[in-house]
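Have a look at the structure below, then the notes.
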Amino acid sequence: MQPFTLMEAVLYNLLRSIPLIMLGFYPFREKRRFSAKITSLMFEAILLVWVFSSVFNIYYAGTIFFRVIGEIVGIILIAVLYVAALKGHPGKMLFFCFMLINVGYMTTATSKCIEGVLFPDLVRGRYMWSASLCLCLVSPFILYPVFLFIRWEKQHLTRDMQPGYIWDFSWLVPTTFYLIWAHDFYSSGNPLEWVLNPFNILYLGIVNLASFLVYYLILRMVIENNRSLQLREENHALTLQVMQYDDLNKRIAAARQGRHDLRHHIVTMENMLNAGNVSELRQYLSDMTDRYQLDGALTYCSNTTVNGILMYFANEAKEQGIDYKVNIGIPENIPISKTDLSIIFGNLIENAVEACQKQNAGERKIQVRGQTSKNTFTLTIDNTYETAPVRDKRGRFRSMKHSGMGIGTESVKSIVERYKGVIEFETRGDLFCVSVMLYL
């Protein structure tokens, strides 16, 4: 067996670990939990753990048992640092973590098998320069397709609205594939001899191909679910627009009728005034105000999308006997898409109206306040309630219309995250309060 130096061992493990860690960070590079500097330090910590566990196995793990223990401890530490460094569902991050661990071992085993063919006299030295050379030759052919797969996932899963239950258990899939081949690898008694057998590498390749087929099917399921949620959002926004359109048509019809009747009203009021029936005239004016809704606000803000939603729910609130107050200032040219504004205001105000409708006693009221500044948009909606909304173990609100989570609230959360904003839900006495801040 040819001797190898500590420097050769470190170089080999750096060549093996750096591309995999970069692939692991790629899907979540825009979701750092900390600053870029701290994230870089955590990246380096993962590298250090990887290299240290490998060196430990070289010099101190004399038996297979201790090698396995050292490897398990290293994997756990890497997974903990990885999840801690980035924001995202822990199950999704563990899914990619174990997926790439499997890819890493596939790359290592294949390069070692090729080294046995090209450098039979050096291959038993484990970390000789020949091992690093073969690793550099093999890595692009395996890692580049993996990069394309991860990039495909990132392009198709741009929104973070995947249901949590999928990622709660999906990470067990790559873990299971790891255990399948690791059992054969370590139970052989001599791992080096195992990887030098081309048939074992073929077996390992088939296992990895099968695993990626399963990964693809899982991600396709998540993507289809994501599209379904998006369609439900768009349908809700379209339904709201149709209701606003119907309400606007009613107002236009009422305005036409009012203009047509105006001449008759003027004649009637002149007769009352000439006859000195002041009290009767006041009652007549009051009846006209109620009939034509002359006491309501005509415009809440200059943004036509938001104003239409506020006007629609003002009528809904009035029919339900809800005290509806609005103090809002949103310009027409705010850098938030009309669809996003419609989803935010439509879902949150609709939820507030529904909560008030379910009240059997007490005052019903809704207060909407919003404002824009140079860099931010803020919105608060307070409403009375009788039954507090129920959350699941992940803090998501359960729907009051059907079983499962509330799609509307999750849609709003998704938009808030896209604008790097903040949304908070809290109760203050008999009020349920929602606060939203978006960065423009």
Side-chain angles (χ1 to χ4, degrees), residues 1-5 8-21 23-24 50-51 53-55 57-58 61-68 70-72 74-75 97-150 173-217:
M1 179 184 296
Q2 295 289 337
F4 58 88
T5 65
E8 286 178 311
V10 171
L11 175 62
Y12 177 84
N13 282 286
L14 288 176
L15 290 173
R16 185 174 63 152
S17 59
I18 289 177
L20 292 172
I21 297 174
L23 285 174
W50 190 312
V51 173
S53 63
S54 300
V55 172
N57 282 338
I58 295 170
T63 64
I64 293 294
F65 173 78
F66 286 107
R67 288 184 185 179
V68 172
E71 183 173 309
I72 291 175
I75 289 175
C97 183
F98 281 99
M99 181 186 78
L100 291 172
I101 287 174
N102 288 339
V103 171
Y105 282 112
M106 176 67 194
T107 307
T108 302
T110 305
S111 66
K112 202 66 180 173
C113 184
I114 292 176
E115 184 188 6
V117 175
L118 300 179
F119 305 98
D121 297 332
L122 300 177
V123 68
R124 301 186 186 282
R126 293 184 66 183
Y127 297 116
M128 298 290 292
W129 61 267
S130 56
S132 296
L133 176 62
C134 290
L135 184 65
C136 291
L137 293 175
V138 169
S139 293
F141 293 97
I142 297 178
L143 298 184
Y144 183 68
V146 174
F147 165 73
L148 294 179
F149 177 82
I150 293 177
V173 175
T175 306
T176 301
F177 279 108
Y178 167 76
L179 293 174
I180 289 173
W181 76 262
H183 173 266
D184 292 339
F185 179 74
Y186 285 111
S187 64
S188 65
N190 190 333
L192 180 59
E193 294 296 335
W194 191 90
V195 299
L196 291 179
N197 187 338
F199 289 101
N200 291 333
I201 301 303
L202 179 62
Y203 161 75
L204 186 57
I206 293 173
V207 170
N208 273 274
L209 285 175
S211 68
F212 269 87
L213 176 61
V214 176
Y215 304 156
Y216 173 78
L217 293 176

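- From Lys112, atom NZ reaches atom OG of Ser130 across 6.0 Å, with rounding to the nearest 0.5 Å.
- Interatomic distance, CZ of Phe199 versus SG of Cys113, reported as 10.5 Å (0.5 Å rounding).
- One finds the CG atom of Asn197 at 10.0 Å from the CG atom of Leu202 (value rounded to the nearest 0.5 Å).
- Separation of atoms CG (Leu148) and CG (Leu143) is listed at 11.0 Å; rounding is to 0.5 Å.
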Thr108 and Tyr12: side-chain contact (heavy atoms from CB on, under 4.5 Å), yes or no, with the steps?
-> CA-CA 10 Å; Thr108 302; Tyr12 177 84; 3.1 Å; yes
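- We find the CG-CH2 distance between Leu20 and Trp50 to be 4.5 Å, quoted to the nearest 0.5 Å.
- Counting only heavy atoms from C-beta outward, the side chains of Phe177 and Met99 never approach each other to under 4.5 Å.
- Residues Ile142 and Asn208 are not in side-chain contact: their nearest non-hydrogen atoms beyond the backbone lie 4.5 Å or more apart.
- Relative ring orientation between Tyr215 and Phe149 is described as tilted, the plane-to-plane angle lying within the 30° to 60° band.
- Taking 4.5 Å as the limit, some side-chain heavy atom of Ile75 sits within range of a side-chain heavy atom of Phe98.
- Pairs engaging residues 191-214 under the salt bridge (Lys or Arg N to Asp or Glu O under 4.0 Å) rule: Arg124-Glu193 [sequence neighbours left out].
- Glu8 places a side-chain N or O within donor-acceptor distance of the main-chain N or O of Trp129, the cut-off being under 3.5 Å.
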Check step by step if side-chain contact (heavy atoms from CB on, under 4.5 Å) holds for Leu133 and Leu118.
-> CA-CA 11 Å; Leu133 176 62; Leu118 300 179; over 6 Å; no
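- With hydrogens and angles disregarded, no donor-acceptor distance shorter than 3.5 Å links the side chain of Asn13 to the backbone of Val51.
- Residues Phe119 and Cys134 meet the side-chain proximity criterion, which asks for heavy atoms closer than 4.5 Å.
- Once rounded to the nearest 0.5 Å, the distance linking CG of Leu137 with CD1 of Ile114 reads 7.5 Å.
- The two residues Asn200 and Trp194 have their closest heavy-atom pair at ND2-O, 2.8 Å.
- The aromatic rings of Tyr178 and Tyr105 lie tilted to each other, with the angle between the two planes from 30° to 60°.
- Closest approach of Thr107 to Val138, counting heavy atoms only: O-CG1, 4.1 Å.
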